Amino acid sequence: MSTSRITGFYKLDVQERLSVVKKLTHLDEVSIDSISKTGALSVDQVDKMVENAIGIMEVPLGIATNFLINGKDYLIPMATEEPSVIAAASNAAKIAREKGGFSASTTEPIMIGQIQMMCETPEEAKSAILGAKEEILALANEQNPVLVKFGGGAKDIEVRIIETPAGKMVVTHLMVDCRDAMGANAVNTMCEVVAPLIEKLTTGKVYLRIISNLAVKRLARAKATFSKEALGGEDAVDSVIIAQRFAEADAYRAATHNKGIMNGTSAVALATGNDTRAIEAGAHAYASFSGRYRPLTTYEKNKDGDLVGAIELPIAVGTVGGATKVHPTAIANMKILGVKTASELAQIMASVGLAQNLAALKALSTEGIQRGHMSLHARNIAVVAGATGDLVEEVVRIMTEEGKIRVERAKEILKGLSKKGQK
Ligand code: NAD
């Protein structure tokens, strides 16, 4: 793609925006239909995806612009019901691109599968399991020749003995390189197959066999410099750092700080058919991995007085598997992104998380988020009150001017406007 910097994208109507995306990403007609038409995901498909299906619930889809990540431009599809999120991410990405955009990286895509065992002689069991490492890995890898063919598969094991009120537990961790898959099904299958061998090697009884969402070996990192001029001066940089210190010192604030990050990261996960709950669970567990719940970002001032932001979090996403290749809109969104690997997708999601957080901190530490948020919220209120067409903007304008953004007021305004219209 030539550039993701599209001036005035937000001023276009939905059709015009879609045309711009189509032109820039050479999106095919099937993908365009999957994005713009209702019914792209059929009830028949849904009936195969979940149990007791009764229908389809739609979520708004937007495009975040301005993202430059590792020197490559991306238009980023975000699925979210929350106003302001996509605008805020695009805004922060615009500031970041002035100084070269985001530099992002990932570790290898290693997920951990856990096999829980209760045993009278935990230390002996641990030695026996570690001694049979090669046999365990070979058995696990027999289950997934496709993953192995792509360079992935079970690579290592570790054994932990943990104290619990129910007694000592021997927990075997199976480290599986999941390549371009999120990996839960792959890892769970391996854990289940390996469990009887672990019982055979020891005197224990296996209980749970399941992936861990605390994906500490599958981390994504992103970093960007935000110029002090674009942020609004030296005071604005200092204010963001003070907001960061607040989150570092206080879990109440850190939870909301990290929620803001996930506004971005989860919206990309949802748009690409990935498991948002897995990513959320991993992010929040990682935030408390040190023993104290902490922000997933860091901010410092560089020698020029600009703000340098960084983020690190586990991101277990796939470009294959799960719903990624089932949901037609997710498939189309992957084409817009143009990503080749799950690692590249994770790098984008980390960058969006950082952008989202910077935008929130910038707004919070200056004018507050309510002004921007409420004008968008006002649109929802106007629609709830029954406004349609041009009346939506008119109701929003009056409510915003009055500073009263409430459904009852919107209804009154609407009544007044329609009376005027009848005269
Ligand atoms: P999957 O089993 O549908 O597909 C992954 C498989 O695709 C791999 O095992 C491999 O055989 C194949 N494959 C083809 N090309 C590949 C490539 N380039 N790289 C890697 N693998 C390739 O999906 P999955 O990723 O194993 O599981 C994801 C699903 O599991 C999600 O829908 C998730 O919601 C669900 N899930 C999650 C949890 C959890 O997070 N705790 C638990 C259970 C299930």
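Predicted model only: the values in this text are computed from it and were never measured. Whatever order the structure lists ligands and atoms in, that order sets their numbers, starting from 1.
Remark: side-chain polar atoms of Asn258 are paired, donor with acceptor, to backbone N or O of Leu296 under 3.5 angstrom. In this structure, Arg209 contributes its side chain and Val193 its backbone to no donor-acceptor pair below 3.5 Å. For the pair Gln116 (side chain) and Met169 (backbone), a donor-acceptor distance under 3.5 Å is absent.
Near Ala278, the atoms of ligand 1 lying under 4.0 angstrom from a non-hydrogen atom of the residue are 40 (O). Using a 4.0 Å cut-off to heavy atoms of Asn213, the atoms of ligand 1 that qualify are 39 (C), 40 (O), 41 (N). Atoms of ligand 1 found under 4.0 Å from any heavy atom of Arg179 (numbered from 1 in listed order, with element): 19 (N), 20 (C). Close approach of ligand 1 to Asn144 (heavy-atom distance below 4.0 Å) involves ligand atoms 8 (C), 9 (O), 10 (C), 11 (O). Against a heavy-atom cut-off of under 4.0 Å, Ile211 is close to the following atoms of ligand 1: 39 (C), 41 (N).
For Met182, a nitrogen or oxygen atom sits less than 3.5 Å from a nitrogen or oxygen atom of ligand 1, counting backbone and side chain alike. Considering both main-chain and side-chain atoms, Asp180 comes within under 3.5 Å of ligand 1 through a nitrogen or oxygen pair. Between Asn188 and ligand 1, no pair of N/O atoms sits closer than 3.5 Å. Checking only distances, Phe150 never comes within under 3.5 Å of ligand 1, N or O to N or O.
Ranking protein heavy atoms by distance to atom 30 (O) of ligand 1, first place goes to Ala184 CB, 3.4 Å. Scanning the protein for heavy atoms near atom 4 (O) of ligand 1, the closest one is Gly321 CA, 3.3 Å. Annotation: atom 22 (C) of ligand 1 to nearest protein heavy atom, Val320 CG2, 3.6 Å. Of all protein heavy atoms, the one closest to atom 13 (N) of ligand 1 is Val146 CG1, 3.8 Å. Nearest protein heavy-atom contact of atom 2 (O) of ligand 1 is Asn185 CB, 3.2 Å. In this structure, the protein non-hydrogen atom closest to atom 31 (C) of ligand 1 is Gly322 CA, 4.0 Å. Counting protein heavy atoms only, atom 6 (C) of ligand 1 is closest to Ala181 CB, 4.5 Å. With hydrogens left out, the protein atom closest to atom 33 (C) of ligand 1 is Asp275 OD2, 3.3 Å, a heavy atom.
Ligand 1 is approached by Gly183 to a heavy-atom distance shorter than 4.0 Å. Heavy-atom separations between Cys178 and ligand 1 include at least one value shorter than 4.0 Å.
For the residue pair Ser42 / Asp44, no side-chain donor-acceptor distance below 3.5 Å is found, with atom types taken as modelled. Counting only N and O atoms by type, the side chains of Ser266 and Glu280 include a donor and acceptor under 3.5 Å apart. Inspection of the Tyr74 and Glu344 side chains reveals an N or O donor paired with an N or O acceptor under 3.5 Å. When only modelled atom types and interatomic distance are considered, Asp306 and Thr225 share no side-chain donor-acceptor pair under 3.5 Å.
Closer than 4.0 Å to atom 10 (C) of ligand 1 lies at least one heavy atom of the protein.
At a heavy-atom distance under 4.0 Å, no atom of Ala342 approaches ligand 1.
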* Please report the C-alpha distance between Phe226 and Leu358 in whole Å, then the side-chain angles of each, then the deciding distance to 0.1 Å, and finally whether the side chain to side chain contact (heavy atoms under 4.5 Å, CB included) criterion is met. => CA-CA 9 Å; Phe226 305 92; Leu358 183 275; 3.8 Å; yes
* To do: Would you check, one step at a time, whether the test side chain to side chain contact (heavy atoms under 4.5 Å, CB included) holds for Met334 with Ile331?
  => CA-CA 5 Å; Met334 289 296 288; Ile331 296 168; 5.8 Å; no
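Asp390 CG: 12 or fewer foreign heavy atoms inside a 6.0 Å radius. Atom NZ of Lys228 has more than 12 heavy atoms from other residues, nucleotides or ligands within 6.0 Å.
Within the 4.5 Å cutoff, the side chain of Val352 has heavy atoms near those of the Gln356 side chain.
Across all their heavy atoms, Leu337 and Leu75 have their closest contact at CD2-O, 3.6 Å.
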